[in-house]
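Beneath this line is the structure, given in C-alpha cells, with notes to follow.
No hydrogens, no waters, no symmetry mates; every other heavy atom, side chains included, goes into these values. All chains are named by letter (A, B, ...) in the order of the sequence lines, taking the proteins before the strands, and each is independently numbered beginning at 1.
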2 protein chains.
Amino acid sequence: MSKNKEKLKKVLHKEGLRFTSQREAVWNEIISSDEHRNADEIYMAIRLNGVLVSRATVYRTIDVLVKNNMVRKLDVGVGPSKFEHKMNAPHHDHIICIQCGRIEEFMVNQIEDLQDSVAKEYGFKLVRHIHQLFGICKDCQ
Amino acid sequence: MSKNKEKLKKVLHKEGLRFTSQREAVWNEIISSDEHRNADEIYMAIRLNGVLVSRATVYRTIDVLVKNNMVRKLDVGVGPSKFEHKMNAPHHDHIICIQCGRIEEFMVNQIEDLQDSVAKEYGFKLVRHIHQLFGICKDCQ
DNA sequence: ATTTCTTTGAGACTCATTCTCAATAAGGGC
DNA sequence: GCCCTTATTGAGAATGAGTCTCAAAGAAAT
Ligand SMILES: [Zn+2]
Ligand SMILES: [Zn+2]
Ligand SMILES: [Zn+2]
Ligand SMILES: [Zn+2]
C-alpha cells in the first residue's frame with residue numbers, strides 16, 4: 001500500500017472514521033497536484049476521472065484533511081477558499097496578486113519563530129496561522 | 001468640522017464619490033468603537049441610534065473605507081468578516097482563540113520588516129497583509 | 001446472515017454579501 | 001435658490017459557497 005494511502009487510513013482511524021473509496025478518491029485527487037484549487041475544482045477533477053463522488057462528500061472529506069494537517073486551507077480574499085496538500089511540502093505562506101490572482105509561496109524561519117514568541121507572550125497555544133501578503137505582482141505593475 | 005469628517009470627505013472626493021448622510025453615519029458608527037464588529041452589528045448599532053441606513057449601504061460604505069485604509073477587514077475564520085477602524089490606531093495583527101473567539105492584537109516591527117523584504121524579493125508592490133494566529137487562549141486551555 | 005452504526009448523494013437550505021432598479025438626493029452651473 | 005445631470009439609496013431579490021437532511025447503501029461486528 002502506498003505511503004499516502006497509509007497516511008489517510010491512519011488519520012481516518014484516529015478520527016474514528018471509516019476508510020471509503022470516496023474519501024480515498026478525494027485525497028488522491030488533492031495530492032495529484034501542487035496547485036491551489038477550490039473545492040469545486042477538486043470535485044470536477046474527480047468527476048473527470050470518471051469517479052462519482054458528491055460535492056458534499058468532497059467538502060466533508062476536505063474538512064477532515066484540513067483538521068488533520070494533511071491539507072492547508074487558503075483564504076485568498078475573494079471567492080471560495082483554496083486548498084493544497086501538505087505531503088512532503090515544507091511549510092510556507094503566500095503572497096497574492098490582487099490584480100491577476102497569481103500566488104507565490106514564501107517561507108521565512110525568522111517570521112515563524114516570531115509567531116511562536118507572540119503566542120507565548122499572550123498565553124495562546126498556537127494551532128495554525130494565516131499569513132498572506134497582498135499586492136501587485138511584477139507583471140501587473 | 002471634525003477631523004474625522006474631513007478625512008471621510010477627502011477620501012470620498014478622491015474616489016469621485018459624494019458625501020452623504022448615510023456614509024457619514026456608517027463612518028461615525030465605526031469610529032465610535034474599538035471593538036471588532038461585523039457588518040450587521042454595525043448596521044444594527046446605527047439603527048439603534050435612530051438613523052435609517054440600509055444594510056446594502058453599510059456594506060457599500062465599508063468597502064470604500066476598507067479600500068482607502070480607513071477600516072481593516074478581519075476574516076476570523078468562521079462567520080462574517082469583522083471590521084475595525086484604523087484612526088489613530090497603530091497597525092497591528094491578531095491572535096484569535098478558536099474556542100471562544102477572543103481576539104488579541106499584536107504588533108512586531110521585525111515581522112513587518114520581514115514582510116517588506118519578502119515582497120521585494122518576489123517583485124510585489126505590497127498593498128496589505130493578513131496575519132492571524134489561531135490557537136487556544138489561556139482561559140480555554 | 002443479521003444487526004448496528006456510518007457514510008453517501010441529491011438537493012434543500014443557510015446566511016453573508018451583492019445586485020437590481022425605481023425613487024431620492026448631491027453637486028455644479030446659472 | 002432652481003434646474004439639470006448623475007450618483008446614491010433602500011427594499012428585497014439574487015447569488016454562491018458551504019452545510020444540512022434524510023433515506024438508501026455500505027461497512028463492521030456478532
Ligand atoms: Zn499579478
Ligand atoms: Zn501554497
Ligand atoms: Zn479562548
Ligand atoms: Zn484589531
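For the atom pair A/E15 CD and A/N68 CG, the distance stands at 4.5 Å (nearest 0.5 Å).
Rounded to whole angstrom, the span from the CD1 atom of B/I62 across to the C1' atom of C/dT17 amounts to 11 Å. Remark: P of C/dT6 and CD of A/E15 are 14 Å apart, rounded to the nearest angstrom. The CD-P distance, from B/E41 to C/dC15, rounds to 15 Å in whole Å. Distance, A/D75 CG to C/dT17 P: 12 Å, rounded to whole Å. Here the C1' atom of nucleotide C/dG9 and the OH atom of A/Y43 are 9 Å apart, to the nearest Å. Taking atom CE on B/M44 and atom P on C/dA16, their separation rounds to 11 Å, with Å as the unit.
Grouping the Ile, Leu, Val, Met, Phe, Trp and Tyr side chains by contacts below 4.5 angstrom, directly or via other members, places B/I95 apart from B/F83.
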Write out a two-atom table: protein N or O, nucleotide N or O from nucleotides 26-30 of chain C, distance below 3.5 Å.
unit_1: C/dA26; atom_1: N3; unit_2: B/R18; atom_2: NH1; d: 3.0
unit_1: C/dG27; atom_1: OP1; unit_2: B/F19; atom_2: N; d: 3.3

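Heavy atoms of other residues, nucleotides or ligands lying less than 6.0 angstrom from NZ of B/K73 number 12 at most. For A/H92, the NE2 atom sits in a packed shell: over 12 heavy atoms of surrounding residues, nucleotides or ligands are nearer than 6.0 Å. Atom CD of A/E35 is surrounded by 12 or fewer heavy atoms from other residues, nucleotides or ligands within 6.0 Å.
Ring centroid separation for the pair B/H91 and B/H131 does not come in under the 6.0 Å cut-off.
Of all nucleotides in DNA chain D having an atom under 4.0 Å from a heavy atom of chain A, the first and last in 5' to 3' order are D/dA17 to D/dA27.
Side-chain contact, A/Q132 with A/H94: no donor N or O sits under 3.5 Å from an acceptor N or O.
Residue-level contact check: B/R60 touches the bases, meaning some heavy atom is under 4.0 Å from a base atom.
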What verdict does the salt bridge (charged side-chain N to carboxylate O under 4.0 Å, His left out) test give for B/E84 and B/K82, after you've listed the backbone C-alpha separation in whole Å, the side-chain angles of each residue and the deciding distance to 0.1 Å?
CA-CA 7 Å; B/E84 65 181 340; B/K82 300 194 172 194; over 6 Å; no
